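One structure below.
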Amino acid sequence: MTRVFNFSAGPAALPESVLQLAAEEMLDWHGSGMSVMEMSHRGKEFIGIANEAEALLRELLAVPAGYKVLFMQGGAIGQNAILPMNLLGGKASADYVDTGEWSKKSIKEAKKYGRVNVVASAADSGYTTIPPRETWKLDADAAYVHICSNETIGGVEYHWTPDVGGVPLVADMSSDILSRPVDVSKYGLIYGGAQKNIGPAGLTIVIVRDALLGHALPATPTAFDYKIVADNDSMYNTPPTYAIYIAGLVFNWIKAMGGLPAMAGHNAAKAALLYDFLEGSGFFSSPVARDCRSLMNVPFKLKNEALDAAFLKGAEARGMVQLKGHRSVGGMRASIYNAMPLAGVAALVAYMKEFEAEHG
Ligand code: PMP
C-alpha cells in the first residue's frame, strides 16, 4: 500500500491512525456485532458514540455553557440559507464582510431572506487582504455580523477576532475550525462543513448561543430549525451517523496530539516552512498579503504559468496530489490541514526547490 501526500482543499486527508482504527472497527464495533454504519441512530451504541463526539468537541474548543453543539447536514452552503432563516428574527438586515469566494456565496444566498449590508470588502485588493476592522461600516441594529474566518480558495485568514459590539458575530469556519484555539464566547454562532479538519463530507457542525435559538422564520424547514435540532439532540431526523463516528475518532486524535494549542503549533510550523520558502524564491510566489496568509490553504504561483502542468505532473510522480489551484484563481494551492504531516510539506518544499533549480 502506498499513501500519497494529499493536498486537497476538501474532502481532505485524514489522520492515518483514524482510518486504521475505523478499518479495524468496520465489521464489529466494540463487540456489538455491527458496523457503525448499520446502527440505529436511536440505539444505545450510537447515542454513546454521538454523545462522546459532542463532549470531545466541547472539550477541544472549550465551548462555554450556554451554547448548543448541533450535528447537521447540508454543508456550509446549506448554512448560507439556514443561518439567515434562523437568525434574522424580527430584524431588517444582517451585516456581511466580503473577503472572497466563500463570503460572496454567503452574501448572495442571504439576500434571498433579508437585506444584506456588505460592511467591508477586500474586492479592491483582488481578495488578497482582510479589510481592517476600523473600516467596517457596521449597523448596531443588524441581526448578526457574518465573516468567513478562512477563505479556502483565496487563502486569506483572520488572525484576530473582530469586536462587533453587541451584535452576534457569526463565522463560517469550514476550513480552519480546530486548527487553533478559538474563544467561542466571542461568537454568536460558528459553523463549518466537516470535510477539511473534522471528517467525512456530509456532517455540518453548528455551535450556537442559546439566546439565538427559537426565532426561525415561519417558512424554515423543520429539519433546519436550530431550536428543533437542538431540542432533539441533533436527531430530529437521521443524522449522518458514520460521519459523526469518524469525527469523534478525529477529535480523540487531536486530543491525543495535545489539543488545539498543539495543533496550532504544528500548523504554524508547516505554514512557516512553505511561506518562508515562497518569500525566498524568485520563481514561486504567494499572492496574499503577509499578515493575512492562511495557515490552512496556501495558494502560490509559478513565474511562468506555462510550466504549471509540468509542475503538477512532477508532483504526482513524487506522490503529491491535488496541488492544482482553484479554477477561479489559477496557479497552485497546497491545503495543509491538521492531518497533513510536516513531512508532507517538507517533501513539497524539496520538490519546489528542485523544480526552481531546473526551470528558474
Ligand atoms: N465555506 C468555506 C469556507 C468552504 O471552504 C466551503 C467548502 N470548500 C464551503 C463553505 C462550502 O461547503 P459545502 O460544500 O460543505 O457546502
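All residue numbers in this chain count up from 1 along the given sequence. The shown structure was predicted, so the numbers you read here are calculated from the model rather than taken from an experiment.
- In this structure, OH on Y191 lies 4.0 Å from OG on S106, to the nearest 0.5 angstrom.
- The side-chain heavy atoms of E279 and R290, taken from C-beta on, include a pair separated by under 4.5 Å.
- Cluster annotation: L56 and L19 are assigned to the same hydrophobic cluster (Ile/Leu/Val/Met/Phe/Trp/Tyr, side-chain heavy-atom contacts under 4.5 Å, transitive).
- One finds a salt bridge joining K68 and D210 here, because a Lys/Arg side-chain nitrogen approaches an Asp/Glu carboxylate oxygen to under 4.0 Å.
- Using a 30° and 60° split on the angle between ring planes, Y351 and F355 fall in the perpendicular class, above 60°.
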Next item on the list: In sequence, state the C-alpha distance, the side-chain angles, and the governing distance for D176 and E157, and then conclude on side chain to side chain contact (heavy atoms under 4.5 Å, CB included).
Entry: CA-CA 8 Å; D176 65 354; E157 183 175 21; 2.8 Å; yes

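- Residues K313 and E316 are not paired through a salt bridge, judged by the lack of any N-O separation under 4.0 Å between the basic side chain and the carboxylate.
- Side-chain heavy atoms closer than 4.5 Å link hydrophobic residues (I, L, V, M, F, W, Y) into clusters, and following such links, even through other members, never connects Y96 to I153.
- By the criterion of side-chain heavy atoms lying less than 4.5 angstrom apart, applied directly or through intervening Ile, Leu, Val, Met, Phe, Trp or Tyr residues, V118 is not grouped with V97; the two fall into different hydrophobic clusters.
- Side chain of N267 to backbone of L295: no donor-acceptor contact under 3.5 angstrom is found.
- Residues W136 and P132 approach most closely at CD1-O, 3.2 Å, considering heavy atoms.
- The minimum heavy-atom distance between A122 and T129, with the atom names listed, is CB-O, 3.3 Å.
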Margin query: Walk me through whether L312 and M332 qualify under side chain to side chain contact (heavy atoms under 4.5 Å, CB included).
Written below: CA-CA 9 Å; L312 288 167; M332 306 295 146; 3.6 Å; yes

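- Formation of a donor-acceptor pair under 3.5 Å by the K270 side chain with backbone atoms of I336 is found in this model.
- Not a single donor-acceptor pair under 3.5 Å links the side chain of R318 to the backbone N or O of A347.
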Next item on the list: Under the ring-ring contact (aromatic ring centres under 6.0 Å, His included) rule, what do Y337 and F7 come out as? Steps first, then yes or no, please.
Entry: CA-CA 8 Å; Y337 299 116; F7 293 92; over 10 Å; no

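- A 4.5 Å side-chain heavy-atom check between Y226 and M72 finds at least one atom pair inside the cut-off.
- Hydrophobic clustering (ILVMFWY, side-chain heavy atoms < 4.5 Å, transitive): L88 and L138 are in distinct clusters.
- For F224 against I82, the heavy-atom pair with the smallest separation is O-CG2, 3.4 Å.
- In this structure, E305 places its CD atom where only 12 or fewer heavy-atom neighbours from other residues, nucleotides or ligands lie under 6.0 Å away.
- A donor-acceptor distance shorter than 3.5 angstrom exists from the side chain of Y275 to the backbone of S294, with no hydrogens or angles considered.
- The CD atom of E151 lies 7.5 Å from the CD1 atom of I130; values are rounded to the nearest 0.5 Å.
- The distance from atom CD of E59 to atom CG of N252, rounded to the nearest 0.5 Å, is 9.0 Å.
- Between the side chain of K196 and the backbone N or O of A9 there is at least one donor-acceptor pair closer than 3.5 Å.
- Counted by atom type alone, E356 and S281 present one or more donor-acceptor pairs between their side chains at under 3.5 Å.
- Residue I246 comes nearest to A22 through the heavy atom pair CD1-CB, 3.7 Å, listed as atom of the first residue, atom of the second, then distance.
- Between the N6 side chain and the S8 main chain, a donor and an acceptor come within less than 3.5 Å of each other.
- With respect to V145, the side chain to side chain contact (heavy atoms under 4.5 Å, CB included) criterion is satisfied by exactly one of N117, V167, V170, D139: V167.
- Side-chain N or O atoms of N197 include one that pairs as donor or acceptor with a backbone N or O of N338 at under 3.5 Å.
- In this structure, the side chain of D28 engages the main chain of S32 through a donor-acceptor pair within 3.5 Å.
- No side-chain heavy atom of S35 sits less than 4.5 Å from a side-chain heavy atom of L27.
- Pairs engaging residues 38-89 under the ring pair (Phe, Tyr, Trp, His ring centres under 6.0 Å) rule: none recorded [sequence neighbours left out].
- Within the 4.5 Å cutoff, side-chain heavy atoms of L323 are placed close to those of L348.
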Next item on the list: Kindly indicate, with the supporting measurements, whether the criterion ring-ring contact (aromatic ring centres under 6.0 Å, His included) is fulfilled by F311 and F284.
Entry: CA-CA 11 Å; F311 179 79; F284 294 98; 5.5 Å; yes

Check: When you look at K227 and T220, which way does the side chain to side chain contact (heavy atoms under 4.5 Å, CB included) test go after all the steps?
Finding: CA-CA 11 Å; K227 173 140 176 54; T220 305; over 6 Å; no

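- No option in V182, L189, L61, L70 other than L61 meets the side chain to side chain contact (heavy atoms under 4.5 Å, CB included) test with I207.
- The two residues P240 and G202 make their nearest non-hydrogen contact at CG-O, 3.4 Å.
- Around atom NZ of K104, more than 12 heavy atoms belonging to other residues, nucleotides or ligands sit under 6.0 Å away.
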Check: Are I254 and M257 close enough, and set up right, to give a side chain to side chain contact (heavy atoms under 4.5 Å, CB included), and what steps lead you there?
Finding: CA-CA 5 Å; I254 295 174; M257 296 280 286; 5.6 Å; no

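- If you chain together hydrophobic residues whose side chains sit under 4.5 Å apart, V69 and Y236 never meet in one group.
- In plain terms, the two heavy atoms of V63 and L57 that are nearest each other are CG2-O, 4.3 Å.
- Here N86 contributes atom CG and Y113 contributes atom OH; the two are 11.0 Å apart, rounded to the nearest 0.5 Å.
- Grouping Ile, Leu, Val, Met, Phe, Trp and Tyr by side-chain contacts under 4.5 Å, direct or through others, puts V321 with V4.
- Using a 4.5 Å heavy-atom threshold, the side chains of Y158 and C148 count as separate.
- Between the side chain of S175 and the backbone N or O of N150 there is at least one donor-acceptor pair closer than 3.5 Å.
- Using a 4.5 Å heavy-atom threshold, the side chains of I147 and T99 count as separate.
- Expressed to the nearest 0.5 Å, how far CZ of R42 lies from CG of D233 amounts to 9.5 Å.
- Side-chain atoms of I77 and K105, non-hydrogen and from C-beta on, do get closer than 4.5 Å to each other.
- The CD atom of E101 sits 7.5 Å away from atom OH of Y127, with the distance rounded to the nearest 0.5 Å.
- Judged by distance alone, the side chain of R133 and the main-chain N or O of D163 form a donor-acceptor pair under 3.5 Å.
- Counting only heavy atoms from C-beta outward, the side chains of E109 and P84 never approach each other to under 4.5 Å.
- Electrostatic pairing of E54 and R58 counts as a salt bridge here, judged by a charged N lying under 4.0 Å from a carboxylate O.
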